[in-house]
Q: 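Please see the structure below; I have some questions.
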Amino acid sequence: MIKDIILPDLGEGIDAAEVSEVTVSVGDFINLDDTILVLESEKASMEIPADVTGTVQEVAVQLGDEITTGQLLFKIELSLATGEMEKMAPVGVEPGLEPEKRPSRKSINELSSPLHLGETTSTGDIFASPGVRRLSRELGVNLRAIKGTGPKSRITKNDLHDYIKIRLAIAAGGIVNHRRPDVDYSQWGAVEVQKLTKVKRITGQRLQQAWQTIPHVTQFDTADITDLDVYRKAMKKNAAEENIKVTFLPFLMKAVVRVLEEMPQFNSSLDHSGENLVLKHYYHLGVAVDTPQGLTVPVVQDVNQKSVLELSEALMDVSTRARNKKLKPDELKGGTFTISSLGGIGGTHFTPIVNPPEVAILGVSRSHWQAVYDSVADQITPRYILPFSLSYDHQVIDGAAGAAFTSRFAAILEDVEQFK
Ligand code: CAO
């Protein structure tokens, strides 16, 4: 059955208005209360909601039309009874499915014809006030691109402002601080509020900046450290007599520096113009340390000139002082590459965030025993495998170089002679 939708009395003495947005097109399925038209009169902007559910058969008005009370707006084919809807369900949709779990006619249309983002896209299924709609039209912003934070995901003026700010900042290569919605979480259960430490706040800002300004790629790889484990255990036993704790980390630092010497672009920074690469001939490694105050990254200098034992001592020293808040500001500066090791805690792989102005960071996860096929001996043997990830700035480093770095790093770890 077809129903005519006519322009209702707009009240407040308004009997004519201009069509500023037609939010539905022929073939669209509309629900009761969906916005189908936005009008602007001398006095106000207003949304006209659908008073029926069904499919648009005819659109009788156009953008810019001056329309009056009682004028025909749309012809709508009213929604069919549930039984008939089931017969119309597309292939792959179970007839017994509850109506709300079944794709709407509109969403089926969207699947077959990809949505084109642009000013002319229908936004009738989006909640936004006429003022917001008008502003978005004036600024050429497609409301579909914005996530509404209001009730029923309504797009508020602040959402629109935030969206525009973000787009402008991204276009200018700048940093965006999102306005977080002020939500009362206690409406869903008990909560407590904890103040972020200064370290967490500063680190958070730096991480956000890095994440937004550096095009990250993360390369995952593994190294067979079975022989290195045996070697480390022997060294650890001897060093324990001198109260030095030898973990895997100093070996990883030595191996990293070896690769940095061979592939200098990983030990570099882009200069302020972004047109030159500054290659550093010193090897100062930042080491991420987990402290009660938050993540701290002290720098161990001249790693290429230190032995595994000297690095072990240096690590014990800086990690203890980091946790006791005893690091000097200078000890947090001048790093050329960072290692973040979660190996003492767990996990298989993770994607570390580059620590600017550096261009790459190594993330180390926990080693595990694994059955590995040895094709030469034609047998399966247990091997101790170290998973790791390398994140790098794709402005500086190509994917091929990233993969070459991780392969070379693994090869060095697998050859224990390199550490003797
Ligand atoms: N696989 C298996 N075991 C590992 C390992 C690995 N990849 N890495 C460390 N271990 C072992 C160590 O050998 C040690 O065991 P033993 O006493 O038997 O030798 C144990 O785990 C604990 O090591 P550790 O964590 O105390 O020492 P470390 O040198 O490996 O790391 C430090 C030092 C300061 C880096 C570490 O304590 C730390 O703070 N890590 C967290 C870093 C972090 O938070 N990164 C996240 C940044 S992104 O948010």
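All ligand and atom numbering here is 1-based and tracks the order in the structure. Owing to the predicted nature of the structure, the values given are computational and were not obtained by experimental measurement.
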Q: Within the side chain of Glu310, is there an N or O that forms a donor-acceptor pair under 3.5 Å with the backbone of Ser307?
A: yes
Q: Name the orientation class of the two ring planes belonging to Tyr185 and Trp188 (parallel below 30°, tilted from 30 to 60°, perpendicular beyond 60°).
A: tilted
Q: Using the test side-chain contact (heavy atoms from CB on, under 4.5 Å), find all partners of Thr226 that sit at least two apart in sequence or belong to another chain.
A: Asp224, Trp369, Arg383, Tyr384
Q: Taking only residues two or more places apart in sequence or in another chain, which ones pass ring pair (Phe, Tyr, Trp, His ring centres under 6.0 Å) with His216?
A: Trp211
Q: Could you tell me which residues satisfy ring pair (Phe, Tyr, Trp, His ring centres under 6.0 Å) with Phe220, sequence neighbours excluded, listed by chain and number?
A: His349
Q: Could you report the tightest heavy-atom contact between Ile76 and Val52, atom names first, then the distance?
A: CG2-CG2, 3.9 Å
Q: Distance under 4.0 Å, heavy atoms only, partner ligand 1: which residues pass?
A: Arg232, Lys236, Lys245, Thr247, Phe248, Leu249, Ala288, Val289, Asp290, Leu295, Ser319, Arg323, Ser340, Ser341, Leu342, Gly343, Gly344, Val364, Ser365, Arg366, Ser367, Tyr384, Leu386
